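Presented below is the structure to which this report refers.
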Amino acid sequence: MPPVKPTLQLAVAEEYPIVDAESRQLQGYINQFPDRDPIVIYEEETERVLKPELAGIAPLLDMDFHSDVESLGQALARQRAEVADLLDKVGCRMAIAGTHPDSMPQTRTRVFTWYSELVGDVAVVARRLQIYATTFHITIGDPDLTISVMNGMRYLLPHVFCLSTSSPLWSGELTGLKGYRQVLRDSLQRTNFPPTFESRNAYQEFLDTLIQSNSIGSSEAIRWDVRANQNCDGLIVSVCDAITKLDDLLTIGALLQGIAAFMASLTLNNQQFRTYDRILLMENKWRAMRYGTEGRLIDFGKEAEVPLNRLMWELGELVLPFAETLNGTRYIERVHDLVEGGSSADRQIAVWQSSGESMQAVVDHIVSESTDL
């Protein structure tokens, strides 16, 4: 039976680091992961403390699927504005970035059930994970088509990651990387790029092996940068740092939606995007982590490195016909401006340098961009 036409609806799970309005120090974070509490407040002594004033956060968080980025943008603008207003009432701000510039590794292991389980699984590695992401969910509809799109999308993930980099600072220091969050995240098992799978059956056999060998409890323990969801009828893309500016988020969302549509169209026309070994793809991911929008990625077809602006121009032209049918044209047209203007990481570095390495100035800048709706 041939694959069905993909549905290509889009949802976004954001993570919002919370900082104190006066000290700019990290207080906790808000997340949209269904298996976790929606808000975590860091405290030195207690296992779990939730400020009563913030109990109304959960109903504000949107995980609905949207047919286009215009609708998604309206929902996220409301969400960010409402969350920012609630935080303001308790003397806090949201500072959306892959890392808090002055964050320190977590020293407590008994915080929440999911965190305790992670510590039990990966020990001290988990304590460094004060990192934040913007996770995209894209519906496909057909399991075999989902796996095919996942195979093809891997190649373009470093291109997308360059645009989202927002973690150049860690523990009060300039790391030299634009996307340091991935260094910490990839220290976990079952991260980075997935291997290629010939079919949904091959993917299921892989999962069954890990489950039967007591390596994982379910597919939710898979943390690849792009992966099938639990029902294998959609994709989860988690390569991106937490995206500071809403316009940047929508541009990247439209790009991912267009890439998924393009990859699906190849399969539906009995074609295939050329696949490369994940070791080669990781070379490009490192370049994206290190240099972000200023980097040069490898065009493996040409076996040559190419500036990101040229690659993204070509990618934009490739997905533009699909974006037109998905009401995302104006966002795809903005991709080139995002490359030229730089990502959140580039702007943070500029503020860090111009302010005499002021951490507070960087946090204030992140807060300002996070609420620029």
Side-chain angles (χ1 to χ4, degrees), residues 12-32 39-42 54 57 73 76-77 79-88 90-105 129-135 161-185 240-253 289 292-294 338 341-373:
V12 167
E14 292 201 272
E15 291 185 276
Y16 300 152
I18 304 169
V19 298
D20 181 79
E22 296 297 326
S23 69
R24 281 81 159 185
Q25 290 301 302
L26 187 65
Q27 301 294 299
Y29 63 91
I30 298 165
N31 75 89
Q32 291 174 263
I39 182 167
V40 173
I41 302 296
Y42 296 132
L54 298 180
I57 286 283
L76 291 180
Q79 174 175 294
R80 286 194 179 197
E82 291 171 347
V83 170
D85 183 62
L86 193 55
L87 289 175
D88 184 61
V90 295
C92 294
R93 303 287 186 270
M94 63 178 182
I96 306 173
T99 56
H100 180 277
D102 200 22
S103 59
M104 299 295 289
L129 295 181
Q130 285 185 338
I131 55 177
Y132 312 98
T134 297
T135 303
F161 178 37
C162 286
L163 306 180
S164 79
T165 49
S166 66
S167 50
L169 292 146
W170 174 256
S171 295
E173 296 184 3
L174 198 63
T175 65
L177 278 69
K178 299 294 182 66
Y180 184 70
R181 163 187 161 268
Q182 282 286 358
V183 173
L184 302 174
R185 184 176 184 272
C240 295
D241 281 357
I243 302 171
T244 309
K245 293 183 68 174
L246 182 57
D247 278 349
D248 290 354
L249 185 156
L250 299 178
T251 298
I252 293 169
M289 292 163 57
T293 57
E294 296 180 321
L338 179 50
S343 68
S344 174
D346 297 298
R347 297 188 292 272
Q348 289 179 49
I349 292 170
V351 171
W352 165 262
Q353 294 173 338
S354 65
S355 65
E357 301 183 359
S358 168
M359 200 62 61
Q360 289 194 351
V362 176
V363 175
D364 287 345
H365 165 78
I366 296 171
V367 168
S368 177
E369 287 203 338
S370 299
T371 53
D372 181 13
L373 308 175

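Predicted model only: the values in this text are computed from it and were never measured. As a basis for the values below, the full set of heavy atoms in this structure was taken, side chains included, without hydrogen atoms, waters or symmetry mates.
- Looking at S344 and K245, their side chains never come closer than 4.5 Å, going by heavy atoms from C-beta outward.
- Taking CG from L174 and CH2 from W352, the interatomic distance works out to 6.5 Å, rounded to the nearest 0.5 Å.
- Among all heavy-atom pairs drawn from S164 and C240, the shortest one is OG-CA, 3.3 Å.
- To the nearest 0.5 Å, atom CG of residue L76 and atom CG of residue L246 are 6.0 Å apart.
- L338 is not listed as a side-chain neighbour of T293, based on a closest heavy-atom distance of 4.5 Å or more.
- Interatomic distance, D102 CG to M359 CE, rounded to the nearest 0.5 Å: 5.0 Å.
- A donor-acceptor pair under 3.5 Å is absent between the side-chain atoms of Q348 and the main chain of V362, judged by distance alone.
- Taking all atoms of both residues into account, the shortest heavy-atom contact from G292 to C162 is O-SG, 3.4 Å.
- By the side-chain hydrogen bond (donor to acceptor under 3.5 Å, both in side chains) test, S167 is found to be paired with D241, residues two or more places apart in sequence or in another chain being considered.
- The side-chain hydrogen bond (donor to acceptor under 3.5 Å, both in side chains) with Q32 is formed by just one residue from the set E14, Q79, E15; it is Q79.
- Residue pairs meeting the salt bridge (Lys or Arg N to Asp or Glu O under 4.0 Å) criterion with at least one partner in residues 162-175, sequence neighbours excluded, do not occur; the list is empty.
- In this structure, the side chain of T251 engages the main chain of D247 through a donor-acceptor pair within 3.5 Å.
- With sequence neighbours left out, D85 forms a salt bridge (charged side-chain N to carboxylate O under 4.0 Å, His left out) with K89.
- Separating the CG atom in D20 from the CD atom in Q27 is a distance of 5.0 Å, to the nearest 0.5 Å.
- Taking L87 as the reference, I18, I30, L54, V83, C92, M94 meet the side chain to side chain contact (heavy atoms under 4.5 Å, CB included) condition, with sequence neighbours excluded.
- R80 places a side-chain heavy atom less than 4.5 Å from the side chain of Y16.
- A donor-acceptor distance shorter than 3.5 angstrom exists from the side chain of R24 to the backbone of E22, with no hydrogens or angles considered.
- By the side-chain hydrogen bond (donor to acceptor under 3.5 Å, both in side chains) test, D88 is found to be paired with R93, residues two or more places apart in sequence or in another chain being considered.
- The shortest heavy-atom contact between P17 and L26 is CB-CD1, 4.0 Å.
- Residues R181 and Y132 are not in side-chain contact: their nearest non-hydrogen atoms beyond the backbone lie 4.5 Å or more apart.
- The side-chain heavy atoms of H100 and W170, taken from C-beta on, include no pair separated by under 4.5 Å.
- Annotation: salt bridge (charged side-chain N to carboxylate O under 4.0 Å, His left out) contacts of D248 (sequence neighbours excluded): R334, R347.
- Across A84 and T371, no two heavy atoms sit closer than the pair CB-CG2, 3.9 Å.
- Of all heavy-atom pairs between V351 and S355, the closest is O-OG, 2.7 Å.
- In this structure, the side chains of T134 and V12 come closer than 4.5 Å at one or more pairs of heavy atoms.
- Contact annotation: the side chain of T165 never approaches that of Q182 to less than 4.5 Å [non-hydrogen atoms, C-beta and beyond].
- Heavy-atom minimum distance, I96 versus A242: CG2-CB, 3.8 Å.
- With contacts defined as side-chain heavy-atom distances shorter than 4.5 Å, the pair I349/K178 qualifies.
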